[in-house]
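All heavy atoms count here, side chains included; hydrogens, waters and symmetry mates do not. These numbers come from a predicted model, not from an experiment. Letters go in sequence order (proteins before strands), and every chain restarts at 1.
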Protein chains: 2
Amino acid sequence: MDATEQVIREEGHAAVSSRRVAEVAGIQQGLVYYYFESMDDLLVATFQRRTARGMARYEKDARSDKPVAALWKDLNQGLDARMSFAFVSLASHNERVREVYTRFLSESRQLQCEAIARDAAARGIDISPATPMALAFILHSTSLMMGREAALGMTEGHEEVRRLLDGLLEKFA
Amino acid sequence: MDATEQVIREEGHAAVSSRRVAEVAGIQQGLVYYYFESMDDLLVATFQRRTARGMARYEKDARSDKPVAALWKDLNQGLDARMSFAFVSLASHNERVREVYTRFLSESRQLQCEAIARDAAARGIDISPATPMALAFILHSTSLMMGREAALGMTEGHEEVRRLLDGLLEKFA
DNA sequence: GTCTATACACCGATAGAC
DNA sequence: GTCTATCGGTGTATAGAC
């Protein structure tokens with residue numbers, strides 16, 4: 001799974017083959033099929049491990065003493081943009097990957113909504129006209145987009161966006 | 001190029017091969033190489049055509065009598081999420097596709113920034129603490145994310161996000 | 001567990017007939 | 001312009017030795 005992630009990151013998901021993964025892992029091609037029934041299984045297992053790690057990170061953020069600040073920091077530093085794109089791209093046309101991805105998206109957003117609502121209530125912060133859901137959505141999408149562009153070598157305007165959101169979230173810090 | 005787009009949309013960019021594209025287009029495989037020197041050329045040409053059409057749409061929005069409202073409407077209706085993901089995924093590992101994509105992103109954002117700034121000035125609208133750049137970025141990323149999720153069958157929270165942004169952009173309508 | 005060897009499908013690209 | 005035929009390479013997956 002480590003080798004699979006590496007290939008996706010460096011060469012894209014189209015380059016993931018039993019031969020290439022085996023080469024990176026330092027084993028022979030046939031051995032891949034001793035551990036995974038098919039390449040599809042390997043792919044699904046790899047993404048499942050990723051989403052489990054992602055959820056663990058978000059849960060840790062939610063339990064910290066500054067949930068929203070921790071989440072926002074995590075979204076801006078912890079996202080692996082290239083893996084993320086590969087994930088979406090695959091999810092569009094692979095039912096099993098789509099299930100893994102939509103469950104992760106749904107559960108993590110739910111978690112983030114609750115964290116925002118609880119944090120705002122605890123600190124007496126009024127986020128209107130936004131709602132926890134809208135805020136969670138916007139934080140997620142903007143940080144993902146900045147990660148995407150940064151992965152492609154573009155950072156124009158990112159400082160401005162970050163400054164604006166940092167300011168709006170100031171009371172949570 | 002139409003056949004290529006169709007294959008990308010329905011089966012993903014990994015399924016784009018001269019044989020598959022030829023089959024969809026109703027021609028023989030070898031003929032693809034009469035019109036395009038390589039599959040890479042076909043892919044780049046296909047995306048180039050898309051970005052040209054995208055820019056034309058944004059320019060039309062910018063010239064309309066309600067630039068920001070037109071842009072926001074366009075972002076929410078005109079984005080082909082699946083093509084968009086394939087584009088990004090490919091751009092990560094194909095230099096020529098990356099160039100096409102980053103130029104498009106950069107030019108379209110520039111255009112949108114100017115449209116927002118001009119529209120706000122003309123209507124005497126104060127968008128602070130946001131800036132034209134930050135606003136363009138957030139509109140783009142949220143609409144893209146909603147398109148992405150909708151393509152995967154998720155629409156939870158979208159109404160809330162749209163309501164919030166519609167409200168914030170109300171003065172532009 | 002790990003290897004080698006192999007079957008069979010599909011890939012990009014080219015050659016040459018019409 | 002469009003076709004058929006073909007090359008070498010790579011893909012998934014399996015069989016069987018050790």
> Hey, does the side chain of A:Gln28 come within less than 4.0 Å of C:dT4's phosphate (OP1/OP2), counting only N and O?
Replying inline: yes
>> Strictly below 4.0 Å: does A:Tyr34 bring a side-chain N or O up to OP1 or OP2 of C:dT2?
In response: no
> So, B:Ser64 side chain and B:Asp61 main chain: donor-acceptor pair closer than 3.5 Å or not?
Replying inline: yes
>> Can you tell whether the side chains of A:Asp119 and A:Lys171 come within less than 4.0 Å, N to carboxylate O?
In response: no
> CD of A:Glu11 versus P of D:dG11: gap in Å, rounded?
Replying inline: 10 Å
> Through what angle, rounded to 10 degrees, does the axis of the helix from C:dG1-D:dC18 to C:dC18-D:dG1 turn between its ends, using five pairs per end?
Replying inline: 0°
> Do B:Ser108 side-chain atoms and B:Phe104 backbone N/O form a donor-acceptor pair below 3.5 Å?
Replying inline: yes
> Rounded to the Å, how far apart are A:Gln29 CD and D:dT14 P?
Replying inline: 11 Å
>> What's the separation between atom CD in B:Gln28 and atom OG in B:Ser18, rounded to the nearest 0.5 Å?
In response: 11.5 Å
> Would one find a side-chain N or O of A:Arg19 under 4.0 angstrom from OP1 or OP2 of D:dG11?
Replying inline: yes
>> Using whole Å, what does the distance between atom C1' of nucleotide D:dA5 and atom CG of B:Leu31 come to?
In response: 15 Å
> Taking atom P of C:dA9 as reference, at what distance in whole Å does atom CD of B:Glu23 sit?
Replying inline: 16 Å
> Are B:Arg163 and B:Glu160 within salt-bridge range, i.e. N to O under 4.0 Å?
Replying inline: no
> Any idea how A:His13 and B:His13 line up, ring-wise: parallel (<30°), tilted (30 to 60°), or perpendicular (>60°)?
Replying inline: tilted
>> Expressed as a whole number of angstroms, how long is the span from A:Phe36:CZ to D:dA13:P?
In response: 13 Å
> Any side-chain N or O of B:Ser18 under 4.0 Å from OP1/OP2 of C:dG12?
Replying inline: yes
> Hey, does the side chain of B:His158 reach the backbone of B:Gly147 with a donor-acceptor pair shorter than 3.5 angstrom?
Replying inline: no
> Atom CE of A:Met39 to atom C1' of C:dA9: distance rounded to whole Å?
Replying inline: 16 Å
>> When you measure from the side-chain N and O atoms of B:Tyr35 to the phosphate of D:dT2, is any distance below 4.0 Å, counting only OP1 and OP2?
In response: yes
>> Does A:Val16 reach a base, just sugar-phosphate, or nothing at all? Heavy atoms under 4.0 Å.
In response: sugar-phosphate
>> Tell me the interatomic distance from A:Tyr33, atom OH, to D:dT12, atom P, rounded to whole angstroms.
In response: 5 Å
